[in-house]
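Only one structure is covered here, and it is reproduced in the block below.
Just so it is clear, the values below take in all heavy atoms, side chains as well, and ignore hydrogens, waters and symmetry mates. Per chain, numbering begins at 1; letters A, B, ... match sequence-line order.
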Amino acid sequence: MDKHPNPAEQEHTRGRERARYRPQEIEPKWQRFWLEHKTFRAQVDHTKPKYYILDMFPYPSAAGLHVGHPEGYTATDILARYKRMRGFNVLHPMGWDAFGLPAEQYAIETGTHPRITTARNIETFRRQIRSLGFSYDWDREISTCDPEYYRWTQWIFLKLYERGLAYLADVPVNWCPALGTVLANEEVIDGKSERGGYEVIRKPMRQWMLRITAYAERLLAGLDQLDWPENVKEMQRNWIGRSEGARIRFRLCHPDGTPLPEEDAFFDVFTTRPDTLFGATYCVLAPEHPLVDRITTPEQRAAVEAYRQEAMRKSDLARTELAREKTGVNTGGYALNPATGRAIPVWVADYVLLTYGTGAIMAVPGGDQRDWEFARRFGLPIIEVVQGGDMDKGAYVGDGPHVNSGFLDGLNVEDAKNRMIAWLEEHGYGERTVTYKLRDWLFSRQRYWGEPFPIIYVDGRPKPLRPEDLPVVLPEVESFKPTGTGEPPLAAVTSWVETVDPETGKPARRETNTMPQWAGSCWYYLRFIDPHNHERPWDADKERYWMPVDLYVGGVEHAVLHLLYARFWHQVLYDCGLVSTPEPFQKLVNQGMILGFSYRYYEDQQGRRYSYREVQKVSQDGLEEPRYVLAADPAVVLAVRYVPVDQVQWRDEVPYHPEDPQLELEPQTDKMSKSRGNVVNPDAVVAEYGADALRCYEMFMGPLEQVKPWNTRSVAGVYRFLSRVWSLFITDTGDLCPQIVADDPDPQASLTRLYHKTIKKVTEDIEGMRFHTALSALMVLLNEMQKAERIPRTIAEGFVLALSPFAPHLGEELWQRLGHSDTLAYEPWPTYDPALARDTVVTIPVQINGKLRATIAVAADADEATLLTAARANEKVQSYLQGRTVRREIVIPGRLVNFVVAEEGGGR
RNA sequence: GCCGGGAUGGCGGAAUUGGCAGACGCAGUGGACUCAAAAUCCACCGCCCCUCAAGGGCGUGCGAGUUCGAGUCUCGCUCCCGGCACCA
């Protein structure tokens with residue numbers, strides 16, 4: 001029933017509410033103010049130190065912003081606002097990684113142009129991001145799908161091409177016959193298409209490749225200079241995968257050891273263990289190795305051919321998945337072990353990959369577990385070359401003296417390697433070499449929604465367009481559907497594909513592949529420096545001023561690909577003289593994922609529901625997904641089901657199913673996802689608690705880098721904090737609180753001391769990105785200010801300034817109500833007096849035998865003697881020292897007193 | 001299997017160099033205000049024993065060690081999270 005309050009009551013309520021903390025009113029007000037006044041516009045200013053602070057720009061998905069996004073954005077925003085107040089010239093931009101598969105997939109399903117979908121999604125993202133009060137310079141907003149942007153992506157591709165770093169090659173791609181299209185790696189899950197679950201096979205296609213391997217050594221070496229998380233650097237090192245070893249040449253021979261006469265009758269192997277060459281009892285070629293045909297004997301040809309066909313059809317993933325049991329076929333051919341001079345058989349096996357090393361190995365079953373397994377399976381000889389293991393149990397990979405190894409006998413591994421390499425080089429059998437796991441970057445996608453290549457084919461040969469011919473703009477297409485032949489959608493636009501060479505006027509065909517999504521994000525941080533330049537991708541002076549990015553914050557999922565690709569492009573641009581720093585991102589921080597509570601139960605095939613208490617988890621060997629069965633009857637296999645968070649029924653703090661009040665749900669913290677029903681929408685949080693509360697909560701949750709679960713109830717706690725800040729300054733009637741007085745702070749007052757301590761801590765914590773402890777320090781100060789009868793204005797204002805990077809709307813509002821007419825964004829950061837940030841009287845613990853027994857209050861600078869006297873004077877201490885011998889006194893001024901006493905007599 | 005990170009109350013987390021474990025917040029309990037509720041404010045809040053109180057014992061995943069003193073350092077385990085995984 002509706003309640004109709006009488007007008008007086010209504011008036012009363014409204015009057016009181018107006019004076020309350022109402023983020024819904026003050027937040028849009030200040031967002032408008034910042035936008036209208038361009039408060040955060042950044043311009044080159046050589047009188048100020050610069051600070052470039054960058055967020056990994058988002059892909060504007062249809063789902064909109066997620067609470068994970070504002071975590072990193074808030075951290076950078078706090079730092080950006082803090083740095084401005086510290087006198088830095090701050091560049092803090094935001095933009096959109098706007099090419100991408102979901103928009104294209106949506107176009108295939110609905111016919112809506114990806115440009116329209118993307119524009120709509122950007123609209124949403126921009127609104128959501130603005131509603132959080134981030135201090136971006138919106139004049140620098142860019143979008144990778146804008147022709148004015150991708151024109152320069154194409155321009156950089158031309159630079160790569162000029163330097164021979166872009167080339168065409170026939171490489172196997174993920175071809176899905178059922179869908180009639182090529183899939184990106186991320187669209188292939190367990191060898192099946194992500195959509196539909198159809199089979200995916202490898203099919204060679206002509207593709208653009210980028211020669212990132214040419215930069216492998218520099219990409220590796222550059223890591224040492226960077227202030228990045230160690231795990232990210234390690235992941236990049238592993239990805240690059242440098243290994244030192246030798247290339248060794250094996251000549252083909254007859255079974256009796258006579259070498260074949262032809263000059264080119266050989267293959268090279270790569271090994272990290274040249275010292276084990278005497279133990280190489282056979283060789284293995286990758287199934288795709290070009291020499292396989294030639295070496296295979298007529299008797300073996302059918303078997304080898306069948307094996308090759310099968311291996312080639314399998315995807316890399318399928319090949320590794322089935323790899324439990326080694327497979328292979330003898331070619332019937334032989335090669336000469338250069339060390340022993342004996343003929344050893346040559347096999348084909350798919351445990352050797354064509355793409356690594358030379359695509360061929362010498363197999364040392366005594367020193368390599370894979371070779372050992374293979375030798376066991378096929379009855380090949382196993383020779384011990386390094387002592388220390390048991391050849392019946394497995395290969396020995398450790399160090400030890402060499403045996404059965406001719407001139408290496410007795411040497412340890414390190415010495416034997418060097419000795420063998422010297423011997424190989426001396427006799428022309430091989431040389432020292434370095435190999436990388438890193439492979440060249442497959443840069444073509446058979447897709448519509450990406451950057452077209454600035455390449456045309458004249459007389460069937462690729463030719464780069466000239467810079468003045470750019471941009472090559474994406475044409476309109478009839479259909480976004482794949483052509484069915486593996487040709488990209490652009491191939492169907494005849495009027496676009498058939499063109500003329502602008503230089504010669506000869507007929508030409510356009511490249512119809514597009515670039516991958518990584519392309520646009522490889523250099524966006526450079527475009528932010530000079531986003532509206534029509535002549536150049538960026539101005540050289542501006543680049544020198546702003547680069548490098550001082551702090552880059554984003555998710556750890558980009559630890560390898562994006563960050564490696566961007567570094568690669570940057571190093572190329574550096575070699576071109578186009579950028580002034582060898583590395584783009586000086587400091588990197590990964591924010592931890594925010595998890596959501598989800599509530600699970602289980603269902604059998606008949607749709608009967610079960611609580612987790614009746615269910616048993618069966619983890620299957622080697623498989624990611626565990627299975628769930630009924631504990632009472634393990635034959636009943638159960639499926640996991642979730643109840644969306646907002647439908648969970650709570651009784652006595654226990655969650656139950658909404659339609660089945662007896663069914664107890666199992667609370668879990670999981671990655672947020674639609675299917676688990678545990679996604680938290682930032683819009684809803686802003687509507688209820690405001691952006692400042694959302695920002696503060698995200699920071700207060702814990703260390704930035706850490707994974708942590710979202711707890712909406714805790715948001716209310718932070719909201720209460722902000723409300724209390726508000727009511728400390730503003731009375732019920734909307735005036736400034738009378739407790740805030742013009743007095744000078746009394747240096748002896750505990751509030752003054754606490755204030756200085758707080759400013760010190762907040763300053764240090766922001767610098768160290770410990771935002772959660774900075775907020776807790778501000779909370780402590782607020783608690784004390786609330787108890788104070790008089791709050792000196794300088795303290796009140798300093799508090800507002802120190803809080804403002806965290807809660808900028810509230811900060812601005814209070815600043816204004818304190819009588820200031822301009823934004824606080826450029827007010828000097830509050831300072832602290834180190835002398836006042838220390839206590840004069842401290843509480844010192846007194847221990848007896850290391851156990852805390854009393855505390856004493858003494859002057860902070862009390863010396864050892866004073867401390868000891870005070871401690872001995874303490875009544876409790878005396879009772880413990882009564883009748884015992886003090887063996888030792890440990891006194892640390894400012895820290896503690898510890899008496900080491902002998903135990904009382906009586907048998908001990 | 002290999003590499004990296006971690007384990008602290010009911011929960012998120014805090015703790016300078018080895019020096020008062022549990023700051024701050026959430027949840028909870030009791031109280032004030034209220035016709036009542038919400039909101040707000042005040043107090044309590046690791047576990048156990050004793051209890052009128054005072055007190056005492058235990059306690060930072062497990063087991064050892066170093067030290068006057070260990071969440072922190074060393075050694076050995078267990079479990080969890082992330083990455084890589086036939087890379088020769």
Whole-Å gap separating C1' (B:C86) and CH2 (A:Trp347): 17 Å
Length of the CG-C1' vector between A:Asp275 and B:A88, whole Å: 13 Å
Among B:G12, B:C24, B:C26, the nucleotide that comes nearest once only the side chain of A:Arg713 is considered: B:C26
Options B:A15, B:A88, B:C68, nucleotide nearest the side-chain atoms of A:Val900: B:C68
Whole-angstrom distance between B:C41 and B:C26, as gauged at atom P: 10 Å
Closest listed nucleotide, where the reference is the side chain of A:Phe700 and the choices are B:G83, B:G12, B:C3: B:G12
A:Lys708 side chain, from C-beta outward: closest of B:G13, B:C86, B:C68: B:G13
Nearest-nucleotide pick for A:Thr272, side chain only, options being B:U40, B:G57, B:A88: B:A88
Spacing of the C1' atoms in B:G6 and B:G61 (rounded, Å): 11 Å
Distance test, side-chain N/O of A:Ser243 to OP1/OP2 of B:A88, below 4.0 Å: yes
Length of the line joining A:Tyr697:OH and B:G12:C1', which is rounded to integer Å: 7 Å
Length of the CG-C1' vector between A:Asn898 and B:G18, whole Å: 13 Å
Sugar-phosphate, base or nothing in reach of A:Gly357, heavy atoms under 4.0 Å: nothing
Ring geometry between A:Tyr21 and A:Tyr719 (parallel below 30°, tilted from 30 to 60°, perpendicular above 60°): tilted
Touch class at under 4.0 angstrom, heavy-atom based, for A:Arg887 against every strand present: nothing
Rounded distance (Å) that lies between atom P of B:C26 and atom CZ of A:Phe597: 16 Å
Residue whose nearest RNA chain B nucleotide is more 5′ - A:Ser714 or A:Tyr880: A:Ser714
B:G65 and B:G57, which share atom name C1', separated by this distance in whole Å: 24 Å
Any strand: nucleotide that pairs with B:A27 via Watson-Crick or wobble, under 3.5 Å: none
Gap in Å between the two C1' atoms, one belonging to B:C75 and one to B:A21, rounded: 25 Å
Chi angles and distances behind the side chain to side chain contact (heavy atoms under 4.5 Å, CB included) call for A:Thr276, A:Arg273: CA-CA 6 Å; A:Thr276 62; A:Arg273 293 292 303 277; 3.6 Å; yes
Under-4.0 Å side-chain N/O to phosphate OP1/OP2 contact, A:Arg20 with B:U40: no
Syn/anti state of B:G13 by chi, 90° boundary around 0: anti
Closest to side chain of A:Ile890, choosing from B:G57, B:A21, B:C68: B:C68
Sugar-phosphate, base or nothing in reach of A:Gln706, heavy atoms under 4.0 Å: sugar-phosphate
Rounded distance (Å) that lies between atom P of B:G5 and atom CD of A:Glu234: 9 Å
Aromatic centroids of A:Tyr351 and A:Phe374 separated by under 6.0 Å: yes
Atom CD of A:Gln786: over 12 foreign heavy atoms under 6.0 Å: yes
Donor + acceptor pair across side chains of A:Asp440, A:Thr213 (<3.5 Å): yes
Touch class at under 4.0 angstrom, heavy-atom based, for A:Asp371 against every strand present: nothing
Touch class at under 4.0 angstrom, heavy-atom based, for A:Arg853 against every strand present: sugar-phosphate
Rounded C1' spacing from B:G25 to B:G18 in Å: 29 Å
Nearest to side-chain heavy atoms of A:Asn711, which nucleotide of B:A14, B:C26, B:G19: B:C26
G-U wobble or Watson-Crick pairing nucleotide for B:A37 (cut-off 3.5 Å, both distances): none
Check ion pair A:Glu784-A:Arg753 (N to O, under 4.0 angstrom): no
Any A:His772 side-chain nitrogen or oxygen under 4.0 Å from OP1 or OP2 of B:C24: no
Sugar-phosphate, base or nothing in reach of A:Thr843, heavy atoms under 4.0 Å: base
Gap between atoms NZ and P, on A:Lys876 and B:C20 respectively (whole Å): 16 Å
Partner nucleotide, any strand, of B:U74 [Watson-Crick/G-U, under 3.5 Å]: B:A64
Neighbour count >12 (heavy atoms, 6.0 Å) for atom CD, A:Glu789: no
Residue A:Arg724, side-chain atoms from C-beta onward, closest of B:G13, B:G25, B:G4: B:G25
Nucleotide paired to B:U51 in any strand shown, Watson-Crick or G-U, under 3.5 Å: none
Nearest-Å distance for atom pair CG/P, residues A:Asn238 and B:C2: 14 Å
Close side-chain approach of A:Glu431 and A:Leu424, heavy atoms under 4.5 Å: no
Whole-Å P distance, B:G59 and B:G5: 29 Å
Base-pairing mate for B:G4 - Watson-Crick or G-U, with both contacts under 3.5 Å: B:C81
Residue A:Tyr351, side-chain heavy atoms: nucleotide from B:G12, B:A88, B:C86 that is nearest: B:C86
Closest to the A:Gln847 side chain, choosing from B:C86, B:A88, B:C20: B:C20
Residues A:Tyr429 and A:Arg249: side-chain donor-acceptor under 3.5 angstrom: no
Complementary nucleotide for B:G69 - Watson-Crick or wobble, under 3.5 Å: none
Gap in Å between the two C1' atoms, one belonging to B:C3 and one to B:A85, rounded: 11 Å
First encountered from the 5' end of RNA chain B, between A:Asn231 and A:Pro709: A:Asn231
OP1 or OP2 of B:A27 under 4.0 Å from side-chain N/O of A:Arg720: yes
Rounded distance in Å between the C1' positions of B:A64 and B:U16: 29 Å
